[in-house]
Amino acid sequence: MSIKSIAAKFFAKKIYRTTQLWAKNPIATQRNVFEDLIRQAKKTQFGIDHHFDQIKTFEDFSNNVPVRDYEDLKSYIDKVVKGEENILWKGKPLYFAKTSGTTSGAKYIPLTKESMPFHIEAARNAILHYIHETGNADFVDGKMIFLQGSPILEEKNSIKLGRLSGIVAHFVPKYLQKNRMPSWETNCIEDWETKVNAIVEETFDQNMTVISGIPSWVQMYFEKLHQKGGKPVCEIFKNFNLFIYGGVNYEPYRAKFENLIGRKVDSIELFPASEGFFAYQDSQKEKGMLLLLNSGIFYEFIKSDEFYKENPIRLIIGEVELGVNYVLIISTNAGLWGYNIGDTIQFTSLKPYRVIVSGRIKHYISAFGEHVIGKEVESALQEAIIGTTIEINEFTVAPQITPEEGLPYHEWFIEFENEPEFLDAFEEALDNAMRKQNMYYEDLIVGNVLRKVVITKVVKNGFQDYMKSIGKLGGQNKIPRLSNDRNIVGALKMK
């Protein structure tokens with residue numbers, strides 16, 4: 001055992017104990033975060049406009065600060081982008097994380113000197129919790145790869161900006177610099193396909209032990225490794241034993257990944273976003289990710305089926321239930337207040353508070369009142385392929401409201417790696433699984449409002465080609481699992 005792995009185990013034990021202190025006192029921890037946020041932002045323009053000096057309780061806060069999304073907060077963010085100080089948070093941000101926008105084009109999410117450390121510490125602590133639980137620290141001596149955006153940053157009114165993953169690349173600890181791959185030069189390549197090819201060449205003969213990234217893009221990397229080496233990834237990287245991912249559910253990719261890798265490997269799920277690092281998987285034995293209650297973020301939760309009501313009830317830690325779909329609302333030490341990040345979550349544990357990401361509040365199918373969410377389609381697909389040889393590369397689901405004949409239906413657009421022998425039988429299994437997942441969908445099928453699902457096969461690399469066509473290939477971009485319209489699927493190439 002190396003000195004580095006011994007040190008990692010010692011540090012892991014220390015971090016685990018620190019985590020337990022706040023995880024076992026969730027209500028007090030969140031109250032302290034709330035009070036600190038209000039105190040530090042009292043003299044900002046937002047704090048003055050919303051009477052922070054009069055806020056003593058969460059009820060005061062919810063009365064003064066409405067739930068907003070980026071568009072609603074944009075008038076304040078625009079002032080920050082122009083270089084004005086003390087608008088949403090004291091002083092100026094260190095960075096802007098630039099993300100894809102909706103109606104307003106690019107979005108600029110502030111990162112402050114108070115918020116930035118938590119992005120780094122959370123990713124580190126996820127690995128340390130894994131080490132503490134499993135005792136496995138040998139991987140720290142090998143090479144680690146993080147598939148991410150370019151670290152080249154622009155500048156806007158003296159504030160640097162770039163993709164979050166590119167910004168984070170500037171904060172890799174010194175003790176990881178020698179282990180980290182790809183090289184800085186390769187990481188700076190903008191074109192994703194060119195970049196992945198360069199990463200393959202650079203890493204092919206290395207002792208890779210940890211690989212991290214969004215599953216769909218890591219899959220592309222694995223496929224190119226297999227093409228070059230003609231053998232499974234585990235034979236190319238004999239000591240590869242840990243996959244770290246975030247952004248999408250890994251389960252639909254698991255069978256394909258294990259086939260590409262050649263064996264099972266441990267995995268750690270993360271829940272990062274430009275707006276904050278919200279949770280990470282702290283245990284290989286328990287379902288869900290530990291919600292980070294001590295990271296400068298105050299959380300609120302609104303039941304998703306009540307979200308679009310005029311005055312939905314805003315809940316806090318201590319008021320939530322298991323298995324309910326909530327819209328996640330945050331207030332942060334980067335100056336986001338009552339901010340709807342768009343993700344929905346469900347709690348899998350209340351002691352400690354663990355969550356899973358169940359979908360996006362804007363990504364659902366409710367053409368007939370069924371309100372199907374991302375978690376449900378992912379779980380249904382996973383159930384339908386259990387015990388089969390079917391492998392899925394990518395998929396999305398959309399309603400077909402006006403078919404040429406027959407009843408409307410949910411259409412599944414699937415890119416298969418290994419197709420079902422009998423497509424009709426797979427459609428039947430998938431439909432049955434969906435009926436178990438969503439009782440409203442079940443009612444619509446039984447009531448002859450909808451007919452069973454229809455699967456449309458997408459050509460090989462069809463989803464990658466689509467993402468490339470809209471300029472979102474690679475990085476943190478991902479295919480929505482479902483939508484209430486057919487805008488995406490209209491651009492896919494079918495078999």
Side-chain angles (χ1 to χ4, degrees), residues 248-252 254-255 287-288 301-309 312 320-327 343-348 355-388 390 392 394-414 416 420-458 479-486 488-489:
V248 298
N249 186 357
Y250 179 41
E251 292 308 315
R254 188 178 293 277
K287 183 180 181 181
F301 313 92
I302 299 175
K303 291 181 179 180
S304 61
D305 57 2
E306 298 179 3
F307 183 72
Y308 290 107
K309 292 182 178 179
V320 295
E321 306 169 61
L322 295 173
V324 175
N325 208 46
Y326 293 105
V327 180
D343 286 322
T344 59
I345 57 99
Q346 292 181 7
F347 285 91
T348 60
V355 300
I356 58 171
V357 180
S358 54
R360 299 278 293 171
I361 190 61
K362 292 183 179 180
H363 293 165
Y364 60 89
I365 297 177
S366 198
F368 300 90
E370 60 273 44
H371 206 89
V372 171
I373 62 174
K375 174 182 175 292
E376 292 168 344
V377 297
E378 289 174 339
S379 296
L381 183 60
Q382 185 65 21
E383 179 180 334
I385 64 176
I386 288 175
T388 73
I390 298 169
I392 308 293
E394 193 59 270
F395 77 97
T396 194
V397 189
Q400 176 51 273
I401 300 172
T402 56
E404 292 183 2
E405 58 179 334
L407 294 172
Y409 53 88
H410 287 186
E411 189 169 8
W412 290 61
F413 296 83
I414 302 178
F416 290 100
E421 185 177 359
F422 301 105
L423 189 62
D424 288 348
F426 184 55
E427 286 178 334
E428 187 74 33
L430 187 55
D431 193 71
N432 288 336
M434 268 306 307
R435 291 166 69 169
K436 294 177 186 176
Q437 289 292 323
N438 186 299
M439 63 181 181
Y440 303 110
Y441 179 79
E442 159 82 3
D443 291 343
L444 292 170
I445 295 293
V446 172
N448 289 319
V449 177
L450 294 177
R451 61 184 168 108
K452 72 177 185 180
V453 304
V454 172
I455 294 174
T456 297
K457 293 186 284 188
V458 178
I479 290 283
R481 282 287 171 248
L482 71 179
S483 56
N484 210 34
D485 55 46
R486 297 177 65 83
I488 294 173
V489 301

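When a residue number appears, it is its place in the shown sequence, counting from 1.
- Lys436 and Glu442 are not joined by a salt bridge, as no carboxylate oxygen comes within less than 4.0 angstrom of a charged side-chain nitrogen.
- The side-chain heavy atoms of Val355 and Thr348, taken from C-beta on, include no pair separated by under 4.5 Å.
- Leu423 and Pro420 get closest at one heavy-atom pair: CD1-CG, 3.9 Å.
- Rounded to the nearest 0.5 angstrom, Ile385 CD1 and Phe416 CZ are separated by 9.5 Å.
- Two residues are said to be in side-chain contact when any heavy atoms from C-beta on lie closer than 4.5 Å; Ile445 and Met434 fail this criterion.
- No side-chain heavy atom of Ile356 sits under 4.5 Å from any side-chain heavy atom of Phe347.
- Two residues are said to be in side-chain contact when any heavy atoms from C-beta on lie closer than 4.5 Å; Glu411 and Ile455 fail this criterion.
- Remark: Asn325 CG to Ile302 CD1 distance equals 12.5 Å, nearest 0.5 Å.
- Side-chain contact between Trp412 and Leu430 is present, with heavy atoms from C-beta onward closer than 4.5 Å.
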Quiz item: After noting the C-alpha distance and the side-chain angles of Leu482 and Val372, does the key distance pass the side chain to side chain contact (heavy atoms under 4.5 Å, CB included) rule?
Solution: CA-CA 9 Å; Leu482 71 179; Val372 171; 3.8 Å; yes
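- Taking the ring centroids of Phe307 and Tyr326, they lie at or beyond the 6.0 Å cut-off.
- Under the 3.5 Å distance criterion, with hydrogens and angles disregarded, a donor-acceptor pair is assigned to the side chains of Ser358 and Thr344.
- Taking all atoms of both residues into account, the shortest heavy-atom contact from Leu450 to Tyr409 is CD2-N, 4.1 Å.
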Quiz item: What's the verdict on side chain to side chain contact (heavy atoms under 4.5 Å, CB included) for Gln346 and Ile373, showing C-alpha distance, side-chain angles and the deciding distance?
Solution: CA-CA 12 Å; Gln346 292 181 7; Ile373 62 174; 4.0 Å; yes
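- Using the six-membered ring where Trp is involved, Tyr441 and His410 have ring planes that are tilted, between 30° and 60° apart.
- The shortest side-chain heavy-atom distance between Ile392 and Ile390 falls under the 4.5 Å cut-off.
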Self-check item: Steps toward salt bridge (charged side-chain N to carboxylate O under 4.0 Å, His left out) verdict (Arg435, Glu376)
Solution: CA-CA 10 Å; Arg435 291 166 69 169; Glu376 292 168 344; over 6 Å; no
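- At a threshold of 4.5 Å between non-hydrogen side-chain atoms, the residues Phe413 and Arg486 count as touching.
- Scanning all heavy atoms of the two residues, the minimum distance from Pro403 to Gly406 falls at CG-O, 3.4 Å.
- Side-chain contact between Ile479 and Thr396: present, with at least one pair of heavy atoms (C-beta onward) separated by less than 4.5 Å.
- Of all heavy-atom pairs spanning Ser483 and Pro399, the tightest one is O-CD, 3.2 Å.
- Between Lys303 and Glu321, at least one side-chain N (NZ, or NE/NH1/NH2) sits under 4.0 Å from a carboxylate O, which counts as a salt bridge.
- A donor-acceptor contact shorter than 3.5 Å is absent between the side chain of Asp431 and the backbone of Glu427.
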Exercise. Go through Ile345 and Phe301 one step at a time and tell me if the side chain to side chain contact (heavy atoms under 4.5 Å, CB included) criterion holds.
Key: CA-CA 9 Å; Ile345 57 99; Phe301 313 92; 4.1 Å; yes
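- More than 12 heavy atoms of other residues, nucleotides or ligands shown are found within 6.0 angstrom of OH on Tyr308.
- One N or O on the side chain of Asn438 and one on the backbone of Glu370 form a donor-acceptor pair closer than 3.5 Å.
- Without hydrogens or angle criteria, Arg481 side chain to Phe395 main chain gives a donor-acceptor distance under 3.5 Å.
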